[in-house]
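Following: one structure in structure tokens, then a few remarks.
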There are 2 protein chains.
Amino acid sequence: MSGDAQISRLKPGRRTDIRRENERAILDAAEKVFAEAGFGGATMQLIADMAGLPKANLHYYFATKEDLYRRVVQQIFEIWLDAASSFDNAPGPVEGIGAYIDAKMDISRTHPHGSKVWASEVMHGAPVIQDYLETTLRDWTNGRIAVIQRWIDEGKMQPINPRHLLYMLWATTQHYADFGHQIQTLNDGKPLTDTQWREAKTSVRDMVLRGIGAI
Amino acid sequence: MSGDAQISRLKPGRRTDIRRENERAILDAAEKVFAEAGFGGATMQLIADMAGLPKANLHYYFATKEDLYRRVVQQIFEIWLDAASSFDNAPGPVEGIGAYIDAKMDISRTHPHGSKVWASEVMHGAPVIQDYLETTLRDWTNGRIAVIQRWIDEGKMQPINPRHLLYMLWATTQHYADFGHQIQTLNDGKPLTDTQWREAKTSVRDMVLRGIGAI
DNA sequence: CTTCACCTTGACCATACGGTCAGGAAACGA
DNA sequence: TCGTTTCCTGACCGTATGGTCAAGGTGAAG
């Protein structure tokens, strides 16, 4: 049975596996190169080298540089949307916003490249993901604003402007990814340790939750 | 007399003026193009067009693209350092940090391009301004941490980690420049009005000052 | 007027880049 | 085994870019 399961997972796969593995290798390499060099500064050759494939092979899987870039941006966006679930079904701001901060701080640590690519994209006027901003992000934002407003109405936090609270959450959590290099430099050139990351999360959570009068 | 003054201001100038005006035009254009396209995506031709000069003329004033870029980055750094004076000679966090937030929010509004160029530079590992981070910025940071710590010791605010407070200040204020496009999209595609900027400043200041227990 | 330093610029060059393609290898189904 | 689909890749191409240069213009000093 376990044999069958294995076969049925691999069988329709050998070919599919090759494709999936190569796409994965390319996407990972691309995320890093786009983050470190920007879209304009990134070269297909560099991505290919980092992925361990000849450049022509990249164009077999991704028609153009833009296609590849688009996929990288979509990836981080989906990861963030998933993290947003921490927000829902929370009884109040302490649990909801606290969990959201935790989740976003974790992502900043585990996906710093994706965060930078997103930041870069938005800074350049979001040429590729403008539609996402106008649809998915806008809807998501309005939904959370409603939730926060409800918490305010229920007296669970101070009457602050929910929109600017969200901006502060995004800014502060993503800062640890986007400006990670600056933070590392100010930390004697060494990456934050586990303890320092915990300290960062606690500091951010405490300041924010106290700032909105939830604790 | 006024004639003399005018002459004495223009006299040693005709030639100098040309140089200064052209350098200014080039730097302004470069700041915008670097911010919108990134270092790699920016082209000397585009900067030249925006400055209204032939490309060859750019290379007369700035030897290389890197030279030009370096100057742009230094500019915003100095502007921020100036704003830091709001911090000093303040009796406590309400005045000091409040004024610092105000100043940085104003800069985000008036110099969004410079802020983006800086963000881009840091995100790409600060290849050009690493030494600034390790000297000027580190010293400045340590100085303010000491000030904040003193306020904490004097019981003027909660005992939070000063370093992470600074990160939050930088992140939050610069977010309004770096992610201005996203904010504008979420504001029905329209730039923030004067009123909305005031609202943003107040929101940020209130949340931060309450978050550190200063009010 | 002459001189000289500074400014301007069209034309040019070498390079590097994104993308193409043809031909071959490898995997799969029958 | 054979045919077909998928995958692989070295060689190549057109273009755009950063940078150069030589020749000419321009303002000011003597």
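Chain naming here is simple, since letters A, B, ... match the order of the sequence lines and numbering starts at 1 in each.
Computed from coordinates, the L53(B) CG to dT8(C) P distance equals 7 Å when rounded to whole Å. The distance from atom CD of E21(A) to atom P of dA26(C) is 18 Å, rounded to the nearest whole Å. Taking atom CD1 of I47(A) as the reference point, atom C1' of dG18(C) lies 11 Å away to the nearest angstrom. We find that CG of N22(A) is positioned 13 Å from C1' of dA26(C), with the value rounded to whole Å. The distance between atom CG of L46(B) and atom P of dG19(D), rounded to the nearest whole Å, is 15 Å. Between the CD atom of E23(A) and the C1' atom of dT6(D) there is a distance of 13 Å, rounded to whole Å. A straight line from CD of Q45(A) to P of dT9(D) spans 13 Å, rounded to a whole angstrom. Here the P atom of nucleotide dG25(D) and the OH atom of Y60(B) are 17 Å apart, to the nearest Å.
The nucleotide whose nearest atom lies closest to any side-chain atom of P54(B) is, among dC7(D), dG19(C), dT9(C), dT9(C). The side chain of N57(B) lies closest to dT8(C), out of dT9(D), dC7(D), dT8(C).
In terms of the side-chain hydrogen bond (donor to acceptor under 3.5 Å, both in side chains) criterion, D82(A) has no residue partners (sequence neighbours excluded).
Side-chain N or O atoms of S115(A) include none that pairs as donor or acceptor with a backbone N or O of P112(A) at under 3.5 Å. Of the possible donor and acceptor atoms, none in the side chain of R71(B) sits under 3.5 Å from a partner among the backbone N and O of E23(B).
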Walk me through it: do Y69(A) and V128(A) pass the test side chain to side chain contact (heavy atoms under 4.5 Å, CB included)? CA-CA 9 Å; Y69(A) 175 75; V128(A) 166; 3.8 Å; yes

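Phosphate proximity of dT6(D) to R19(A): absent, as no side-chain N or O sits under 4.0 Å from OP1 or OP2.
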At under 4.0 Å between heavy atoms, how does the protein contact nucleotides 20-25 of chain C? Give one character per nucleotide, 5' to 3', with B, S or -. BB----

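With contacts defined as side-chain heavy-atom distances shorter than 4.5 Å, the pair V33(A)/Q45(A) does not qualify. The side-chain heavy atoms of D139(A) and T136(A), taken from C-beta on, include no pair separated by under 4.5 Å. No side-chain heavy atom of H113(A) sits less than 4.5 Å from a side-chain heavy atom of F34(A).
Within 4.0 Å of Y61(B), counting heavy atoms only, lie sugar-phosphate atoms of the nucleic acid but no base atom. When heavy atoms are screened at a 4.0 angstrom cut-off, A48(B) is found touching no nucleic acid atom at all.
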